[in-house]
Number of protein chains: 2
Amino acid sequence: MLTIGKLGAQAGVKVPTIRYYEQIGLLPEAGRSAGNQRLYGRKALERLAFIRHARDLGFTLEAIRDLLSLSDNPEQPCVAADAIARAQLAEVERRLARLTALKAELERMVVQCVGGKIADCRVIEVLGDHSLCSTDHRHPESESSP
Amino acid sequence: MLTIGKLGAQAGVKVPTIRYYEQIGLLPEAGRSAGNQRLYGRKALERLAFIRHARDLGFTLEAIRDLLSLSDNPEQPCVAADAIARAQLAEVERRLARLTALKAELERMVVQCVGGKIADCRVIEVLGDHSLCSTDHRHPESESSP
DNA sequence: CTTGAAGCTATAGTTGCTAGAGACATTAGC
DNA sequence: GCTAATGTCTCTAGCAACTATAGCTTCAAG
């Protein structure tokens, strides 16, 4: 049996994060020791490693919740899991495209900066005037995690 | 003079977001009409467009705060602005590298899925066992906005 | 003059954690 | 056996960067 600290160390997840996952129902409530400390077995470790790995791959907690409930029913068809993974892949591809455009624009910006006064600075100037941009990097369509 | 709605429409920023920017001090407090409604001039529009553009390029509000105060002092040297832009470029490049690795892993995952039962699903299996991965996509080093 | 859109304030919710306070449990060294 | 150092407990609040809601007032068109 593992205490929460050992579990976290083995799975690569911080202790408060584990408690948070329990709180939102991603992990089942752990058994407790005589002194009220959480104790975990191998199954909990596997489940937490699954979550950690999926987070590393950028899945949201909501998607992970679905994937976990799928993995809890091994007899069901796997189309749903496949769909979640494909959606995540599509999301990653959209972000890649967007970041590539941003990179190009930022490069243009810093390359043009010749290092004089702010009044002559291309960085400030370009930020103030979108028409100086080459690509259309508007409409952020959510850039967030991850 | 523009009402907050017109300003938002012109700059491509939602009305509550403008009020939020004012609240956190990114925009100065706007003048008010007789009926206590905010009124904006050309300068406010330029400043908001600057913010919007920088957000589109992924700068944090904190970085934008710095860029704005730089642009308010046009006689200062522009190294600071350049540094902020370069830092943002480096950040974008790190995210690109990471997303590229994620994309490869996700592709491997979905390609291997043959569509049977969950018990045989590669997606679930790979998520449960990191050693099945080809790349080391661990240590997220903050994937967040944008 | 009325109606509907747009504005106002203030508060709470989102995602995925992270940090802190103050109290109890466990373990290592002596 | 004792003490000190960790580790764990609960609870609350905070982060970014907004978004949404409620309940009100003001404005512009017909």
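Each chain gets a letter, A, B and so on, in the order the sequences are listed, and its residues count up from 1. Side-chain atoms are counted along with the backbone in the values below, which use heavy atoms only and exclude waters and symmetry mates.
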Can you tell me how far C1' of D:dT10 sits from CD of A:Glu22, to the nearest Å? 12 Å
Short side-chain N/O contact to C:dT9 OP1/OP2 from B:Arg19, under 4.0 Å: no
B:Arg55 has its side chain closest, among C:dG7, D:dC18, D:dG7, to D:dC18
To the nearest angstrom, the OH-P distance between A:Tyr20 and D:dT8 comes to 21 Å
Tell me whether B:Lys43 is salt-bridged to B:Glu46, with the criterion being a basic N under 4.0 Å from an acidic carboxylate O. no
Which one, C:dT9, D:dA17, D:dC27, comes nearest to the side chain of B:Gln37? D:dC27
State whether B:Thr3 places a side-chain N or O below 4.0 Å from either non-bridging phosphate oxygen (OP1 or OP2) of C:dG7. yes
Check for a donor-acceptor pair, side chain of A:Arg95 on one end and backbone N or O of B:Leu99 on the other, with a separation under 3.5 Å. no
B:Thr17 side chain: which of C:dT18, D:dC18, D:dT8 is closest? D:dC18
Considering every strand and a 4.0 Å limit on heavy-atom distances, what is the contact class for B:Arg38: base, sugar-phosphate, or nothing? sugar-phosphate
Residue A:Ile4, side-chain heavy atoms: nucleotide from D:dT19, D:dC9, C:dT9 that is nearest: D:dC9
Flag the pair A:Glu125 and A:Arg122 as a salt bridge only when some basic side-chain nitrogen lies within less than 4.0 angstrom of an acidic carboxylate oxygen. yes
Can you work out whether A:Lys6 or B:Ser33 has the more 5'-proximal nearest nucleotide on DNA chain D? A:Lys6
More 5' along DNA chain C: B:Gln23 or B:Gly5, using each one's nearest nucleotide? B:Gly5
Any salt bridge between A:Arg108 and A:Glu105, counting N to O under 4.0 Å? yes
Please determine, for the side chain of B:Leu61, which listed nucleotide (D:dA17, C:dT9, D:dC9) has the closest atom? D:dA17
Judged by each residue's nearest nucleotide on DNA chain C, which is more toward the 5′ side, A:Asn36 or A:Lys14? A:Lys14
